[in-house]
There are 2 protein chains.
Amino acid sequence: MDYKDLQAFLAISTHLHLGQASQQLHMSASTLSRRLARMEEEAGARLVERDSSPLQLTHAGELFRQHAEHTLESFQQLRSAVSTQVSDLSGSLTLFCTVTASYSFLADLLARFRERYPNVELRIHTGDAADAISRVQSQAADVAIAARPDVLPEALSFKTMAPSPLLFIAPRGLNTVPQLARAEIDWSQVPMVLSESGLGRTRVDRWFAARGMTPHIYAQVAGHEAIVSMVALGVGVGVVPELVLRNSPMASRVRVLSVEPELEPFAVGLCAATEQLQSPLLQALWKTARL
Amino acid sequence: MDYKDLQAFLAISTHLHLGQASQQLHMSASTLSRRLARMEEEAGARLVERDSSPLQLTHAGELFRQHAEHTLESFQQLRSAVSTQVSDLSGSLTLFCTVTASYSFLADLLARFRERYPNVELRIHTGDAADAISRVQSQAADVAIAARPDVLPEALSFKTMAPSPLLFIAPRGLNTVPQLARAEIDWSQVPMVLSESGLGRTRVDRWFAARGMTPHIYAQVAGHEAIVSMVALGVGVGVVPELVLRNSPMASRVRVLSVEPELEPFAVGLCAATEQLQSPLLQALWKTARL
DNA sequence: CGACCTATTGCATTTTTTGCAATACAACTT
DNA sequence: AAGTTGTATTGCAAAAAATGCAATAGGTCG
C-alpha cells in the first residue's frame with residue numbers, strides 16, 4: 001500500500017467515477033482500476049461497489065477512506081513539522097503559468113513547494129500560453145509551466161509533467177456549423193476560432209498546410225480559455241489542449257471532433273533557462289515537480 | 001511512501017543497524033539503505049543519525065516512527081475489521097515446518113493467514129528439514145516450509161520465499177580444531193558434524209565427492225539446530241543453512257569458514273502437491289505467501 | 001435488441017527496484 | 001600514524017513492477 005494509493009482512493013471516493021478520478025490524478029483509468037484492485041487485495045475486502053454507476057463505497061471502503069484521510073493528514077503534518085530543508089533556502093522565484101495550468105498543476109506543485117521552502121517568495125504570473133517561453137527567455141520569469149515547443153531553444157531546459165492532446169472542438173448542436181454536416185468535410189470552409197499565436201496556432205497552421213489549405217479563420221483570440229467559450233456559442237470550430245477543455249465550465253457545451261491525422265499533443269511541464277538550473281531555488285522547484 | 005517502507009523503518013528503529021534490520025526484512029542492506037534514503041527524501045528530513053554506531057533516530061525519525069507505528073496498526077485493525085474473504089473458507093491444513101523456519105517465516109505467514117482465514121484450522125508440525133518433502137509426498141502434510149530439493153519430485157510444486165546459503169561453521173577458538181590450523185586444510189581429516197540425512201547432507205557429501213574424499217564424520221545429528229550447538233562446543237566443523245545459524249543462540253560462539261567452491265544455497269519456500277494446489281485452502285496459503 | 005458508457009484485462013513498453021560488487025567512511029588496534 | 005574491522009552507500013546490470021493503449025466485458029438506457 002502506497003501513499004499514492006491513498007490519494008488515489010480519496011479521488012475515487014470523491015468522484016465515484018474512475019475515469020474522472022483518473023484525470024484528476026493524471027493517470028489512465030486502467031492504471032487506476034488496477035491500483036484499486038490491488039488496494040482491495042491488500043485490504044482484504046471489496047472497497048467499491050461496482051454494480052452501480054456512480055460507484056459506491058462499501059462499508060469497508062468508507063472505513064478505508066477514513067484511514068487514508070487520517071494517514072495522509074498525519075503524514076502531511078509530520079512533514080511540515082520536521083521539514084528541515086526549510087529555512088536554508090530563501091529568495092524569490094517568478095513563475096509564469098497559464099490560467100489553465102494553474103488549475104491542474106499549479107495547486108499541487110505550489111502546495112508541495114511552499115511546504116518545503118516557505119521562505120522562498122513566489123511571484124506567480126498567469127497569462128497566455130503563447131507568452132510562456134518568451135517570458136523565460138527574456139528572464140521576465142525564472143520558470144514557466146508551459147507546453148514544450150517543437151524545438152526547445154538551446155538555452156532552455158524542459159521537464160514534462162503530463163501530456164495533453166490538442167483537440168478540435170465544435171458546438172454540440174449538429175447543425176450549428178453547417179460545414180460540418182457533409183460526409184467529407186471541406187476544412188478550408190469551416191470557420192475556425194484559433195489562438196492568435198503560440199504553439200497551438202503553429203500546429204494548426206501546419207496541419208492545414210499539410211493538406212494544402214489555409215484555415216478559414218473566423219476569430220483569433222488570445223488565450224485558449226476564450227476559445228472554448230466562443231465555440232460553445234456556436235461561432236465555429238476551435239482547437240484547444242485537452243487540459244483546457246477539461247477545466248472549462250463550457251466543456252459540456254462542446255464536442256470533440258476526431259480528425260485524421262491527430263494534431264501533435266502538447267507536453268505540459270516546467271521550463272527554465274538551463275543555466276539557471278544550477279541555482280538552488282530552481283533545483284528545488286525542479287525536484288518538487290516530480291514526486 | 002509505501003507500507004513496506006513503514007515496516008522497514010520500524011525494523012531499523014528496533015535494530016538501529018541496517019545490516020540486522022535488512023536480515024529481518026529479508027532484503028539486502030543496500031536496498032534498505034536506499035529505501036531509507038527515499039523515506040527521508042519524502043519526509044523532507046533526515047530520520048536517522050548515521051554518525052554513530054549504533055544508529056540513532058533523529059527527532060524527526062522518532063516522530064516518523066510513531067507515525068509508522070500508528071499507521072500500520074490502524075491499517076492492521078482496518079483489515080481485521082473488514083476482511084470478508086474470511087468466513088468463506090474453512091477446513092484444515094496440515095503444515096510441516098522446520099524449527100528454524102518457524103522462527104523466520106512461519107510467524108509472518110501465519111499471522112497473515114489466520115487473519116484472513118480464521119476458520120481454517122491449521123495443524124503445525126515442526127520437525128527436521130530432511131523429512132519435509134517426504135511428509136508432503138506421503139500426504140502426512142498438506143504443505144511444508146522447506147528447502148527446495150535438487151530435483152523436485154514431479155508431483156510437487158514449490159514457491160521460493162527466500163534463499164539461504166549453506167555454510168561451513170567452526171568453533172570460534174582457532175586451535176579447537178587443530179586440523180584447521182594448516183595453511184592448506186586437508187578436509188578428509190577435519191571432524192565434521194553433519195545431518196544424518198536430507199538435502200544439507202546430500203550437498204555436503206557431493207562437495208566432498210567432488211574433491212575425491214569422504215568426510216571424516218565425528219557426529220551425525222537429526223536437525224540442523226543441534227549442529228550449531230555441537231560445533232560451538234568445539235567438537236568439529238558443521239554445515240548449516242545461514243537461516244539456522246542466524247537464529248541460533250549459539251551463533252556468536254562459532255565462525256563461518258569460507259570454502260571454495262561454495263555449497264549450493266538452499267531455497268526456502270512452500271512445497272505442496274501440485275494436484276492439491278487446486279484446493280481453495282492451499283491456494284489461499286500460496287497467495288498469502290507472496291505479499 | 002442494440003447503442004452507449006464505464007470498468008477491466010492482454011500485452012508491449014517504460015520505469016523502478018533489487019542485489020552484488022566496489023567504494024567510502026569511521027572507530028579501533030597495533 | 002597506518003592498517004583493520006565493521007558499517008553504510010553507490011555504480012551497474014538484471015529482475016520486477018507499473019503504465020498506457022487497445023480490446024473486452026459488463027452494465028444501463030433507449
Side-chain angles (χ1 to χ4, degrees), chain A residues 1-5 7-9 11-13 15-42 46-58 61 159-165 242 252 255-256 258 262 265 267 290-291, chain B residues 1-5 7-9 11-13 15-23 25-42 46-58 61 159-165 172 242 252 255-256 258 262 265 267 290-291:
Chain A
M1 192 74 63
D2 192 301
Y3 283 14
K4 266 191 191 166
D5 285 326
Q7 288 187 297
F9 193 79
I12 291 175
S13 53
H15 293 292
L16 295 173
H17 185 291
L18 288 195
Q20 288 171 24
S22 71
Q23 289 195 328
Q24 175 189 322
L25 297 162
H26 303 302
M27 62 173 70
S28 77
S30 70
T31 296
L32 188 55
S33 170
R34 265 188 276 244
R35 282 187 102 106
L36 177 57
R38 201 186 49 187
M39 284 189 253
E40 293 183 321
E41 164 92 8
E42 291 184 23
R46 173 147 292 217
L47 301 175
V48 172
E49 202 58 71
R50 272 90 154 172
D51 298 342
S52 63
S53 186
L55 267 33
Q56 204 176 343
L57 296 193
T58 62
K159 170 167 204 157
T160 303
M161 294 195 288
S164 187
E242 187 265 350
S252 61
R255 63 199 168 98
V256 174
S258 51
E262 289 182 359
R290 76 179 169 78
L291 287 180
Chain B
M1 192 74 61
D2 193 300
Y3 282 16
K4 267 190 193 167
D5 285 326
Q7 289 187 299
F9 192 80
I12 291 175
S13 54
H15 289 90
L16 295 172
H17 185 293
L18 288 195
Q20 286 170 25
S22 72
Q23 289 195 327
L25 296 163
H26 301 302
M27 62 174 69
S28 78
S30 70
T31 297
L32 189 56
S33 170
R34 266 188 276 244
R35 282 186 102 105
L36 177 58
R38 201 185 50 188
M39 284 189 253
E40 293 184 320
E41 164 92 6
E42 291 183 23
R46 175 145 289 221
L47 300 175
V48 172
E49 203 58 71
R50 271 90 156 174
D51 298 342
S52 63
S53 188
L55 268 33
Q56 204 175 343
L57 296 193
T58 63
K159 170 169 202 155
T160 302
M161 294 194 289
S164 187
R172 262 224 185 277
E242 186 266 351
S252 61
R255 62 197 169 99
V256 174
S258 52
E262 289 183 358
R290 75 178 168 79
L291 286 180

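Residue numbers begin at 1 in each chain, while the letters A, B, ... track the order of the sequences. Side-chain atoms are counted along with the backbone in the values below, which use heavy atoms only and exclude waters and symmetry mates.
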Partners meeting side chain to side chain contact (heavy atoms under 4.5 Å, CB included) with [X] (sequence neighbours left out):
{"X": "Ala267(B)", "result": "Arg148(B), Thr160(B)"}
{"X": "Ala29(B)", "result": "Ser22(B)"}
{"X": "Gln24(A)", "result": "Ala11(A), His15(A)"}
{"X": "Glu242(B)", "result": "Gln23(B), Ser164(B), Pro165(B), Leu167(B), Arg246(B)"}

- [ ] Could you run through nucleotides 24-30 of chain D and give me one letter per nucleotide, 5' to 3': B if any protein heavy atom sits under 4.0 Å from the base, S if only the sugar-phosphate is that close, - if neither?
- [x] ----S--

Task: Least distance between heavy atoms, Leu47(A) atom then Glu40(A) atom - done: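 Leu47(A) and Glu40(A) have their closest heavy atoms at N-OE2, 2.7 Å.
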
Task: Beyond-backbone contact of Val48(A) with Thr58(A), side-chain heavy atoms, under 4.5 angstrom - done: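 Val48(A) vs Thr58(A): side chains apart.
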
Expressed as a whole number of angstroms, how long is the span from [X]:[atom1] to [N]:[atom2]?
{"X": "Ile12(B)", "N": "dT7(D)", "atom1": "CD1", "atom2": "P", "answer": "15 Å"}
{"X": "Glu41(B)", "N": "dT9(D)", "atom1": "CD", "atom2": "P", "answer": "14 Å"}
{"X": "Tyr3(A)", "N": "dA18(D)", "atom1": "OH", "atom2": "P", "answer": "17 Å"}

TODO: Could I get the full list of side chain to side chain donor-acceptor pair (under 3.5 Å) partners for Ser28(B), not counting sequence neighbours?
DONE: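 Expected list: Ser30(B), Thr31(B).
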
TODO: With sequence neighbours left out, write down each residue that passes side chain to side chain donor-acceptor pair (under 3.5 Å) with Ser13(A), or none if nothing qualifies.
DONE: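 If we apply the side chain to side chain donor-acceptor pair (under 3.5 Å) test to Ser13(A), skipping adjacent residues, there are no hits.
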
TODO: Return the residues of residues 25-36 of chain B meeting this criterion: a heavy atom under 4.0 Å from some atom of DNA chain D. Order them by number, or give none.
DONE: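 Residues of residues 25-36 of chain B that come under 4.0 Å of DNA chain D are, in numerical order, Ser30(B), Ser33(B), Arg34(B).
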
Task: salt bridge (Lys or Arg N to Asp or Glu O under 4.0 Å) partners of Arg34(A), counting only residues at least two apart - done: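 Once residues adjacent in sequence are excluded, Arg34(A) has no partner under the salt bridge (Lys or Arg N to Asp or Glu O under 4.0 Å) criterion.
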
Open item on the list: What is the first contacted nucleotide of DNA chain C and what is the last, in 5' to 3' order, if contact means an atom lying under 4.0 angstrom from a heavy atom of chain B?
Closed with: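 Contact boundaries, 5' end first: dT17(C) to dC20(C).
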
Open item on the list: Going by ring pair (Phe, Tyr, Trp, His ring centres under 6.0 Å), name the residues that satisfy it together with His17(B), two or more places apart in sequence or in a different chain.
Closed with: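 His17(B) satisfies ring pair (Phe, Tyr, Trp, His ring centres under 6.0 Å) with no residue once adjacent residues are dropped.
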
